[in-house]
There are 2 protein chains.
Amino acid sequence: MERQTRQREAICAAIESCDRPLSPAELCEAARRRLPSLGVATVYRAIRELVASGWLRIVEIPGAAARYERAGKPHHHHFLCRICNALWEVSGCLRGVDALAPAGFVTEGHDITLYGLCHDCRGAGPK
Amino acid sequence: MERQTRQREAICAAIESCDRPLSPAELCEAARRRLPSLGVATVYRAIRELVASGWLRIVEIPGAAARYERAGKPHHHHFLCRICNALWEVSGCLRGVDALAPAGFVTEGHDITLYGLCHDCRGAGPK
DNA sequence: ATAGGTGCAAACAGTTTGCATGTAT
DNA sequence: ATACATGCAAACTGTTTGCACCTAT
């Protein structure tokens, strides 16, 4: 990430102007609205570099494509809406999560993902 | 799943003789020890049918290929070893997980995945 | 006998890589 | 001027599908 290029500006701008984590495809589509000629490979390369540099964070979701959000937020988890597929941030965590591991295992971290209906979809039928 | 075939016997036996969830590749390898000519496509087809019939359960893991375990076990979670990539069962859960959701959200379920070093890899360097 | 199952290889989707060209410094 | 970055297409990986052959019933 040594040079400032139009493609990197488009990619970073797309991430910053979105309030939810984006998948590579969503990010590519969003950045192409600013720079239509943008290639997929460039998006993947930028993601890798931004993650390596600590600017981006990978959000891995069970059963869905990984998404990316700006790094630096406090420890949190996510809520995946079954209806609209939006991924929401869930602040806070629980004590004792890491201690669930079997004896003799070394726990280095954990993920918690909640599933259900988000505020917007609760009560509404499928989109 | 209408007929009893050697390949299906090998696949089901592989699952039942293993105490942890297997990825499609692991399952294929294990079943091939019983029936070396087994094709990948057959493994995927069997997985799909066994899940549909309720005999197998999908275990989705953030950032890793899905694994499969016998259905019907009590609620539990999993531990993914960073070194050997094996997925281990973690018995128990925590109270209050579903209540982490933001107000107004309806939580229907959750996943917890722990990461770290399993008993076999703790202390050992990378394989 | 025959419908369902299998193995192979081709088709796919998502991600990565090689290379000639473009461009920020 | 010269690295570094980009776009394209080919390569890879993991999963699915089409099809001719095989086999449990």
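For an aromatic pair to be called close, the ring centres must be under 6.0 Å apart, and A:Y115 with A:F79 fails this.
Sorted by first and then second residue, the side chain to side chain donor-acceptor pair (under 3.5 Å) pairs with a member in residues 33-42 of chain A read A:S17-A:R34; sequence neighbours excluded. The side chain to side chain donor-acceptor pair (under 3.5 Å) analysis of residues 86-95 of chain B, with sequence neighbours excluded, yields the pairs B:K73-B:E89.
The salt bridge (Lys or Arg N to Asp or Glu O under 4.0 Å) search around B:E9 returns none, not counting sequence neighbours. Under the side-chain contact (heavy atoms from CB on, under 4.5 Å) criterion, A:C93 pairs with A:H75, A:H77, A:V97, A:H110, A:I112, sequence neighbours left out. Partners of A:E60 by side chain to side chain donor-acceptor pair (under 3.5 Å), not counting sequence neighbours: none found.
Close to D:dT6, at under 4.0 Å from its OP1 or OP2, lies no side-chain N or O of A:S37.
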Subject >> Under 4.0 Å protein heavy-atom contacts per nucleotide of nucleotides 17-25 of chain C, with B for base, S for backbone only and - for none >> reply: BB----BBS
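Rounded to whole Å, the distance from CG on B:L50 to P on C:dG5 is 12 Å. Atom-to-atom, CD1 of B:I11 to C1' of C:dG7 comes out at 12 Å; the value is rounded to the nearest Å. Taking atom CZ on B:R32 and atom C1' on C:dC8, their separation rounds to 11 Å, with Å as the unit. The interatomic distance linking B:E49 (CD) with C:dT6 (C1') rounds to 12 Å, in whole Å. When rounded to the nearest whole Å, the span between CD of A:E9 and C1' of D:dT6 equals 15 Å.
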